[in-house]
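Everything below concerns the one structure shown next.
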2 protein chains.
Amino acid sequence: MAYRRSLLMEERLANNRDRILTATRKLVAEGGFREAQIAAVAAVAGISTGMIYRYFPSKAELFVEVLGAAVGAEIEILTAIADGPEPAGMRLSAAVTCFVRRALHGPNLAYAFIIEPVDPEVETARIRYRKEFGDVFKAILIDGVEKGELPAQDVDASAACIVGAFTEALVGPIGPTTRNTRDKERLVESVRTFCLRAVGGVTEGEDGHEKLSQTIRTTRKRQTTK
Amino acid sequence: MAYRRSLLMEERLANNRDRILTATRKLVAEGGFREAQIAAVAAVAGISTGMIYRYFPSKAELFVEVLGAAVGAEIEILTAIADGPEPAGMRLSAAVTCFVRRALHGPNLAYAFIIEPVDPEVETARIRYRKEFGDVFKAILIDGVEKGELPAQDVDASAACIVGAFTEALVGPIGPTTRNTRDKERLVESVRTFCLRAVGGVTEGEDGHEKLSQTIRTTRKRQTTK
DNA sequence: TAGAAAAGTGAACACAAATTCAAAAATTGA
DNA sequence: TCAATTTTTGAATTTGTGTTCACTTTTCTA
């Protein structure tokens, strides 16, 4: 026996994996999945193309992992909001606002996640993730309807509609258009109003709004610094 | 001089073009753009691959034309509804209902039109067409707001949200799932309610509904038999 | 330090599908 | 029928990437 993986090596391996993921995320954020070819990822990560296949069985699985990580982060934030003690309408407002705002301000991972054409394997994952988003909203809706805060409705359809609504509203704005903060906030507010009305929540009377905003900020910070 | 395109030939050429389009539409309806490779299209159309390039400069342009024709038909139907004399809320209801119902019952061209991954050139066209759909709804909204039938709102955002909402609601159901008519109608109604509430239209008090349904049916028939 | 095993390389390969084009078949007018 | 011209064919070419693998380099133990 003349070789056994040392602790140092173990670390370097993990490091490599990380660099691949980071490189992919960076490329996707800059130019979508389209720009994240294996050769490019390898170049950015500073390794050879062959290396990538030591860590990921295929490009599709690499993409799925990147997508999953990013979606997971968003889901965590949204879930924190959804699980709060506020009335359903308010939580819904906060969740929509939070998602749209983050998508608008963040790097344009959003475009890739929302609509960019990809191969079917990744697409399947994307649809699954979209459903996950829907489930967060669905939970809020179920709760709201149970407590009589929202009118009875088809929560599955409503949840899907909500995800679709803010998704579509983002597609245009996200692309090359660089809008200023004022425009962005206007869009956020428009989408929020739309969604809230849609499920029969009130749009007026925003008491307690500040408290929830606080929750959002805290959650977001926790997420970013992790 | 020994050859000049005769009338008969002229006809055959046009016929060829038609067969290519029809073949493409058929393949897309059955298996999405993915299944509509040039070779497959040629096979279905009963011609050689080379022929296709005599009529279309590239696969992408062929796709765009097929997409455009299908979208155009839908737009025409929706526009007829949008231009009606009914109150804005009712027209919106009818338009959403009509679109969702047609997508659910028709061949699954809808899948291809809504979410299937395609190359960027076609994607650009799709986004444009989505915007066209949005514009129809926007027109209804503007009118409704002007006449005081709907509350003031960001009509651009609302229109985008509406398109996104019913689109997303369709994505799941459209695929391989074969639902019965009852389920389909339930979904149609759910989406309709969602969208109508979202823009601040009333959901109750559907007087005159039947009259508008009539309009829808007539328009649809005209479209199909054309 | 040797030499066994693993990590790492990147040019070569594979592959699928769009596109081309030289040659064949068909059409037309004289 | 013939020759000019166009239409049609489909095998070969092109293209762009993902993936592999024979080889090099590095890491680790005895």
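Residue numbering restarts at 1 for every chain, and letters A, B, ... go by the order of the sequence lines.
Shown here are the side-chain hydrogen bond (donor to acceptor under 3.5 Å, both in side chains) partners of B:Lys138, two or more places apart in sequence or in another chain: B:Asp156. Residues that satisfy the side-chain contact (heavy atoms from CB on, under 4.5 Å) test with B:Ser48, not counting sequence neighbours, are B:Met51. Checked against salt bridge (charged side-chain N to carboxylate O under 4.0 Å, His left out), A:Glu61 has no partners two or more places apart in sequence or in another chain. By the salt bridge (charged side-chain N to carboxylate O under 4.0 Å, His left out) test, B:Asp154 pairs with no residue at all, sequence neighbours left out. Remark: B:Glu132 pairs with no residue by the side-chain hydrogen bond (donor to acceptor under 3.5 Å, both in side chains) rule, at least two apart or across chains.
Nucleotide C:dA16 holds its P atom 14 Å from the NZ atom of B:Lys59, rounded to whole Å. Atom CZ in A:Arg17 sits about 14 Å away from atom P in C:dG8, given to the nearest Å. For A:Gln37 and D:dT15, the CD to P distance is 17 Å, given to the nearest whole Å. Atoms CD1 (A:Ile38) and P (C:dA11) sit 16 Å apart, rounded to a whole Å. Rounded to an integer number of Å, the gap from CG of A:Leu62 to C1' of D:dT17 is 15 Å.
Residue B:Arg12 places at least one side-chain N or O closer than 4.0 Å to OP1 or OP2 of D:dT8. The side chain of A:Asn16 places no N or O atom within less than 4.0 Å of a non-bridging phosphate oxygen (OP1 or OP2) of C:dA7.
DNA chain D lies under 4.0 Å from at least one heavy atom of each of the following residues of residues 45-57 of chain B: B:Ile47, B:Ser48, B:Thr49, B:Gly50, B:Met51, B:Arg54, B:Tyr55.
Between A:Phe133 and A:Phe99, the two ring planes are perpendicular [angle over 60°; tilted spans 30° to 60°].
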